[in-house]
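Report on the structure given below.
A note on names: the letters A, B, ... follow the listed sequences, proteins ahead of strands, and every chain is numbered from 1.
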Protein chains: 2
Amino acid sequence: MTAGKTGRKRPTISDVAQRAGVTKGAVSRALNSGTGVSSGTRERIRQAAVELGWSPSYAARALNGKPLGTIGLVVRRSPEILDFDAFFPSFLSGIESVLSGEEHATVIRFVPDAQTEAATYERLFGDRFVDGFLVTDLAVDDERPEMLDRLGAPAVVVGAPEGSSDFPTITNDSEEAIRGLVRRFAEAGHRRIAHVQGDPCMLHALQRRRHWEQAVRDLDLEPGPVEYGSYTIVGGAEATERILARNDDERPTAVFYGSDLMAIGGYSVLGEAGLDIPGDVAVAGFDDIPLASFASPPLTTVRSRHRALGSAGARILLDMLKGQAPPLSTMLTGELCLRESSGQPL
Amino acid sequence: MTAGKTGRKRPTISDVAQRAGVTKGAVSRALNSGTGVSSGTRERIRQAAVELGWSPSYAARALNGKPLGTIGLVVRRSPEILDFDAFFPSFLSGIESVLSGEEHATVIRFVPDAQTEAATYERLFGDRFVDGFLVTDLAVDDERPEMLDRLGAPAVVVGAPEGSSDFPTITNDSEEAIRGLVRRFAEAGHRRIAHVQGDPCMLHALQRRRHWEQAVRDLDLEPGPVEYGSYTIVGGAEATERILARNDDERPTAVFYGSDLMAIGGYSVLGEAGLDIPGDVAVAGFDDIPLASFASPPLTTVRSRHRALGSAGARILLDMLKGQAPPLSTMLTGELCLRESSGQPL
DNA sequence: CTGAAAGCGCTAACAA
DNA sequence: TTGTTAGCGCTTTCAG
């Protein structure tokens with residue numbers, strides 16, 4: 001009465017064993033390591049498994065500490081960013097494009113605070129619910145690398161500067177593009193170039209700010225005002241208002257925004273102030289979202305390879321899980337997209 | 001030597017039991033049903049669990065058929081859509097916004113074909129790796145509802161017409177908005193209104209096409225040409241070319257596109273053909289992506305509540321999992337956004 | 001090469 | 001109210 005039943009149940013390894021005339025142990029060995037069984041029986045077992053349409057139970061495997069074929073994405077941001085942000089959907093798209101072919105699933109969890117975040121990493125991996133993590137949004141003094149190391153969790157850090165942790169890192173290298181942008185501004189005669197950036201606690205934001213600053217100084221210019229805000233239209237608008245509220249002698253003639261959305265927000269504030277783009281103020285963004293080329297005027301921006309960040313991250317994590325030694329650092333280079341908002345070419 | 005060890009292992013239910021001076025069974029009861037234990041011991045057990053930082057093992061629970069706190073999203077589309085499509089990121093955003101507060105995770109799997117799709121649903125739920133599903137992109141003769149029913153999987157169908165399956169369904173109701181749009185076209189003097197739609201095997205595409213057709217007929221007009229293509233810029237461009245290739249007497253003076261991206265694709269083809277929008281051809285899209293209001297001319301469109309679709313779907317699925325009877329049908333109403341592309345108001 | 005058996009962490013039925 | 005016990009489906013020793 002226990003076995004058999006109405007038949008509406010998934011076959012287990014025992015069913016396969018029985019059909020193949022062997023024991024569960026043999027089946028397990030045959031289908032996993034492949035060793036320890038004669039090729040004859042192995043074939044027989046494989047047959048039986050196929051005929052029964054058997055597939056191993058995730059739960060039972062997990063209970064034995066085996067990988068499940070899942071990677072975790074724990075995000076400490078508001079879920080709304082999926083709707084607005086340029087990074088996340090593309091990033092996820094890149095991840096899925098490699099996972100899809102590898103029969104892996106993504107486990108996504110948005111968490112509200114650092115405490116839940118830590119607990120989530122711990123539970124997800126402690127139980128081997130996921131095999132490893134893709135870590136984004138690394139912040140200054142971020143505790144996750146240390147924690148993940150303590151847990152012994154395989155992980156790849158994505159979108160952070162090289163060397164920011166001991167985990168393999170995929171870096172979005174936009175130094176050259178930013179340098180090119182600043183040079184362009186300078187060539188067009190701009191002496192005071194402002195910068196609007198997202199949360200400076202984020203390593204990537206910090207890094208881009210530095211690239212901008214260094215590029216400006218290398219041209220023997222004094223960096224213009226810097227304002228921070230969220231990577232949104234509103235964030236960009238507010239930051240722009242603060243910039244315009246400054247003394248005349250601090251007022252920039254060019255602004256480099258940390259995201260295209262911010263730049264779009266800037267457009268409206270500059271427009272309302274009666275300032276012409278690029279006539280009175282030259283503008284550039286970051287990301288190259290589809291909207292950038294449709295904006296009026298079309299927005300000069302630094303194209304960032306979000307999808308590639310996802311696919312490279314997933315690729316490397318998967319390789320790690322297979323036991324391969326990952327490259328500790330991978331660079332993806334950003335590209336400057338010159339459009340009208342930064343002024344006509346000389 | 002077995003217990004104790006170096007201490008670098010997660011505590012198990014036995015550790016909690018031991019510390020509380022009871023057995024595993026008692027702990028399980030105390031922390032699950034809460035019944036069958038005196039409130040005294042229950043408290044003691046809770047204490048011990050907290051002190052040890054214990055949390056139950058997903059794997060072991062799943063092995064006993066208990067829910068894990070995960071919902072599944074199996075998508076038979078190219079992962080690239082995450083990068084382009086208007087629906088998916090917003091939809092996911094809606095889902096996560098409710099799951100985030102409920103301590104649930106999303107398990108996402110992109111699959112290439114129907115066969116993998118079926119197998120994925122079966123494995124994911126057969127093993128209780130996920131507690132239920134959110135089902136999107138229901139097609140004509142879609143086999144998933146039947147299969148999920150057979151599996152006994154809780155599921156909510158999202159974005160399909162009312163009554164298209166026996167599962168609770170969230171419908172994106174844009175009939176009135178489409179009717180309003182068509183009326184608007186007619187009032188502006190258009191007699192021949194074309195339609196460009198996505199894959200007609202998709203129930204939602206089919207339904208919108210019908211709404212368009214009915215609205216046209218109700219105005220005593222003959223529906224103009226219909227073309228199909230992918231919901232992308234390219235798809236829209238190609239469909240527009242086919243429309244322009246028709247005989248003059250079939251050539252429409254207004255086109256209703258099934259997605260904003262398609263409409264944008266139409267813009268370029270119409271522009272290259274020397275046609276003015278809305279002077280020569282009036283245009284409308286569907287979705288209301290951010291780009292729509294930035295396009296030139298700004299695009300009239302039907303706003304679709306993608307986020308709400310996700311949050312309502314997740315909300316209802318979660319309620320079902322808690323044992324509540326779900327509403328069999330939920331309607332979310334689309335909204336017409338009139339902009340210049342459909343012509344000036346009379 | 002193969003079978004037998006222990007055990008992963010938990011739940012639930014059954015006794016006490 | 002409690003303890004005891006038998007699994008859940010699989011992996012992995014350890015004998016044979």
Taking side chain as C-beta onward, heavy atoms only, is A/Phe88 less than 4.5 Å from B/Leu92?
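Not in contact.
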Which part of the nucleic acid does B/Asn32 contact within heavy-atom distance under 4.0 Å: base, sugar-phosphate only, or nothing?
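Result for B/Asn32 = sugar-phosphate.
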How far apart are the C-alpha atoms of B/Ser93 and B/Ser90, what are their side-chain angles, what is the distance that settles it, and do they pass the side-chain hydrogen bond (donor to acceptor under 3.5 Å, both in side chains) test?
CA-CA 5 Å; B/Ser93 166; B/Ser90 298; over 6 Å; no
Verdict with reasoning, B/Asp137 to B/Arg77, per salt bridge (Lys or Arg N to Asp or Glu O under 4.0 Å)
CA-CA 9 Å; B/Asp137 292 336; B/Arg77 293 211 212 172; 2.5 Å; yes
Nearest whole Å is fine: how far is [N] [atom2] from [X] [atom1]?
X	N	atom1	atom2	value
B/Arg29	C/dT11	CZ	P	11 Å
B/Arg128	D/dG9	CZ	C1'	14 Å
B/Leu31	C/dC10	CG	C1'	12 Å
B/Leu68	C/dT11	CG	C1'	14 Å

What's the verdict on salt bridge (Lys or Arg N to Asp or Glu O under 4.0 Å) for A/Glu117 and A/Arg109, showing C-alpha distance, side-chain angles and the deciding distance?
CA-CA 9 Å; A/Glu117 183 183 36; A/Arg109 183 88 157 70; over 6 Å; no
Counting only heavy atoms not in B/Glu143, do more than 12 fall under 6.0 Å of its CD?
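Open: at most 12 neighbouring heavy atoms sit under 6.0 Å from CD of B/Glu143.
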Would you say CD of B/Gln18 has more than 12 non-hydrogen atoms from neighbouring residues, nucleotides or ligands within 6.0 angstrom?
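Open: at most 12 neighbouring heavy atoms sit under 6.0 Å from CD of B/Gln18.
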Among residues 16-26 of chain B, which contact DNA chain C at a heavy-atom distance under 4.0 Å?
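Here the set is B/Lys24, B/Gly25.
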Which parts of residues 48-67 of chain A get close to DNA chain C, meaning a heavy atom less than 4.0 angstrom away?
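Heavy-atom contacts with DNA chain C come from A/Leu63, A/Asn64.
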Checking only heavy atoms, does the side chain of B/Arg10 share a donor-acceptor pair with the base of C/dG9 at less than 3.5 Å?
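Side chain to base: no pair present.
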Is there a donor-acceptor pair under 3.5 Å between the side chain of A/Arg29 and the backbone N or O of A/Arg42?
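No, the answer is negative, given that no donor and acceptor are paired below the 3.5 Å cut-off.
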For C/dC8, take OP1 and OP2 only and decide whether either is under 4.0 Å from a side-chain N or O of B/Thr12.
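Answer no for this pair, as no side-chain N or O of B/Thr12 is under 4.0 Å from OP1 or OP2.
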Is there a side-chain polar atom (N or O) of B/Thr41 under 4.0 Å from OP1 or OP2 of D/dT2?
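For D/dT2, OP1 or OP2 has a side-chain N or O of B/Thr41 closer than 4.0 Å.
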Please name all residues satisfying side chain to side chain donor-acceptor pair (under 3.5 Å) with A/Arg315, sequence neighbours left out, ordered by chain then number.
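In terms of side chain to side chain donor-acceptor pair (under 3.5 Å), with neighbours along the sequence ignored, A/Arg315 is linked to A/Glu102.
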Carefully, step by step, assess A/Arg307 and B/Asp83 under the rule salt bridge (Lys or Arg N to Asp or Glu O under 4.0 Å).
CA-CA 8 Å; A/Arg307 283 205 78 216; B/Asp83 211 358; 3.8 Å; yes
